[in-house]
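Below is one structure, written out as structure tokens, with a few remarks after it.
Basis for what follows: all heavy atoms, side chains included, without hydrogens, waters or symmetry-related copies. This is a predicted model, so every value here is computed, not measured. Residue numbers run from 1 in the order of the sequence given.
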Amino acid sequence: MEKFRNAFSKIVSGINYIGLVCCFATVFIVSIDVILRKVSHASLSIKGSNEMAAYFMVVIVMLAIPYLQVKKGHIWVNMFVDRFPKGLRSKWLGVVQIIECVVFVMFTYGAVQKLQNFLSTGTTTDVLNMPKWPFALIILIGFAEMTVLVFVDMIQTFRGKDDDAPQAAEVTQ
């Protein structure tokens with residue numbers, strides 16, 4: 001299971017470069033747009049820059065979430081989790097991951113439906129008339145990646161390999 005997660009992590013990391021490119025493009029476009037507005041007193045600007053920034057943020061966020069899961073970027077409440085004995089801690093984290101997995105399966109299913117809707121209706125954005133289906137596809141990819149990662153992490157937790165889980169400080173005398 002660990003080999004699969006490592007191989008899948010490389011795929012997630014590679015796909016995350018799309019988000020990094022969008023981040024760079026967003027900063028570049030918004031910076032140029034702001035400079036043009038300041039220099040020309042709002043008479044000159046990049047058409048649709050706000051819309052591009054909003055849709056690129058969707059790409060950035062949806063591809064960054066699985067990447068953070070790969071890098072073990074969870075936020076644990078150590079004061080609460082550390083109080084559990086090790087066996088109970090693993091089971092508790094496993095139950096939380098079951099819930100996460102179910103939620104991400106539902107999100108993935110919803111993203112599939114939204115992608116089908118955008119493809120069948122030919123929906124476009126308001127200002128630039130870009131098709132919305134590529135953004136729905138990226139959302140689907142992000143949710144699918146997260147579903148797989150949470151499922152693998154859940155299995156590893158129940159098998160006793162909860163490397164993500166904070167370890168209680170052991171006092172030895």
Side-chain angles (χ1 to χ4, degrees), residues 4-78 81 93 96-154 163-166:
F4 173 78
R5 190 180 195 284
N6 289 338
F8 193 72
S9 296
K10 289 179 183 177
I11 294 169
V12 169
S13 297
I15 292 174
N16 189 49
Y17 281 108
I18 297 169
L20 295 174
V21 168
C22 286
C23 184
F24 175 76
T26 300
V27 169
F28 183 74
I29 291 168
V30 170
S31 298
I32 298 297
D33 188 44
V34 168
I35 290 169
L36 288 174
R37 287 182 192 177
K38 295 294 183 186
V39 170
S40 67
H41 302 291
S43 62
L44 184 63
S45 67
I46 298 173
K47 178 184 175 187
S49 66
N50 290 336
E51 185 177 70
M52 274 194 286
Y55 281 99
F56 282 173
M57 285 304 293
V58 169
V59 173
I60 293 165
V61 169
M62 291 311 302
L63 296 180
I65 292 171
Y67 182 74
L68 290 174
Q69 179 77 10
V70 164
K71 296 297 181 185
K72 296 180 173 49
H74 314 311
I75 298 173
W76 297 100
V77 181
N78 292 343
V81 177
L93 294 175
V96 169
Q97 288 172 337
I98 287 172
I99 295 168
E100 283 179 333
C101 193
V102 168
V103 167
F104 278 109
V105 166
M106 290 189 297
F107 283 165
T108 304
Y109 178 71
V112 168
Q113 288 187 325
K114 201 60 159 172
L115 177 62
Q116 290 172 341
N117 181 12
F118 286 158
L119 283 171
S120 65
T121 59
T123 308
T124 60
T125 61
D126 297 332
V127 178
L128 297 174
N129 291 325
M130 296 183 300
K132 286 187 176 180
W133 70 264
F135 300 104
L137 179 63
I138 288 174
I139 290 170
L140 173 62
I141 290 169
F143 282 144
E145 287 175 344
M146 246 339 253
T147 301
V148 171
L149 288 170
V150 170
F151 182 73
V152 169
D153 289 349
M154 176 188 65
D163 297 334
D164 294 358

> Above 12 or not: heavy atoms from other molecules or residues under 6.0 Å from CZ of F151?
Replying inline: no

> Which pair of non-hydrogen atoms, one from I18 and one from L63, has the smallest distance, and what is that distance?
Replying inline: CB-CD1, 3.8 Å

> If you look at every heavy atom in A144 and T108, which pair is closest and at what distance?
Replying inline: N-OG1, 3.7 Å

> Taking only residues at least two apart or on different chains, which pairs with a member in residues 104-119 satisfy salt bridge (Lys or Arg N to Asp or Glu O under 4.0 Å)?
Replying inline: none

>> Run the side chain to side chain contact (heavy atoms under 4.5 Å, CB included) test on V34 and K38 for me, step by step, so that the C-alpha distance in whole Å, both residues' side-chain angles and the decisive distance to 0.1 Å come before the verdict.
In response: CA-CA 6 Å; V34 168; K38 295 294 183 186; 4.3 Å; yes

> So, does S49 use its side chain to make a donor-acceptor pair with the main chain of I29 at under 3.5 Å?
Replying inline: no

>> Is it the case that the side chain of E100 and the backbone of V150 share a donor-acceptor pair, with hydrogens and angles ignored and the cut-off at 3.5 Å?
In response: no

>> Within the 4.5 Å heavy-atom criterion, are F135 and M62 side-chain neighbours or not?
In response: no

>> I'd like to know whether I46 forms a side chain to side chain contact (heavy atoms under 4.5 Å, CB included) with L36, so could you lay out the CA-CA distance, the side-chain angles of the two residues, the decisive distance to 0.1 Å, and finally the verdict.
In response: CA-CA 8 Å; I46 298 173; L36 288 174; 4.1 Å; yes

> How would you list, by chain and number, every residue that makes a ring-ring contact (aromatic ring centres under 6.0 Å, His included) with F104, sequence neighbours excluded?
Replying inline: F107

> For the atom pair CD1 (I35) and OG (S45), what is the distance rounded to the nearest 0.5 Å?
Replying inline: 13.5 Å

> Can you check whether F8 reaches E145 side chain to side chain, under 4.5 Å on heavy atoms?
Replying inline: yes

>> Nearest 0.5 angstrom please: D33 CG to L44 CG, how far?
In response: 8.5 Å

>> Please determine whether side chain to side chain contact (heavy atoms under 4.5 Å, CB included) holds for the pair V58 and I138, giving the CA-CA distance in whole Å, both sets of side-chain angles, and the decisive distance to 0.1 Å.
In response: CA-CA 9 Å; V58 169; I138 288 174; 6.0 Å; no

>> Do Y17 and L20 make a side-chain contact, defined as non-hydrogen atoms from C-beta onward lying under 4.5 Å apart?
In response: yes

> Ignoring hydrogens and geometry, is there a side-chain-to-backbone donor-acceptor pair from Q69 to M146 under 3.5 Å?
Replying inline: no

>> Nearest 0.5 Å, please: how far is SG in C101 from CG in D153?
In response: 10.0 Å

> Shortest non-hydrogen contact from V70 to R5?
Replying inline: O-NH1, 3.7 Å

>> Ignoring hydrogens, what is the shortest heavy-atom contact between V59 and G19? Give both atom names and the distance.
In response: CG1-CA, 4.2 Å

> Going by heavy atoms in the side chains, are F4 and V148 under 4.5 Å from each other?
Replying inline: yes

> Looking at CE of M106 and OG1 of T147, how far apart are the two atoms once the value is rounded to the nearest 0.5 Å?
Replying inline: 10.5 Å

> More than 12 foreign heavy atoms under 6.0 Å from OH of Y67: is that the case here?
Replying inline: no

> Taking all non-hydrogen atoms of both residues, which atom of G142 and which atom of P66 are closest, and how far apart?
Replying inline: O-CG, 3.4 Å

>> Could you measure the distance from the CD1 atom of I141 to the CG atom of L115? Nearest 0.5 Å is fine.
In response: 9.5 Å

> What are the two closest heavy atoms between F56 and A25, and how far apart are they?
Replying inline: CE1-CB, 3.8 Å

> Looking at CG of D126 and CG of N50, how far apart are the two atoms once the value is rounded to the nearest 0.5 Å?
Replying inline: 12.0 Å

> Have Y55 and E51 got a donor and an acceptor in their side chains that come within less than 3.5 Å?
Replying inline: no

> Any side-chain heavy atom of T26 within less than 4.5 Å of one from M52?
Replying inline: no

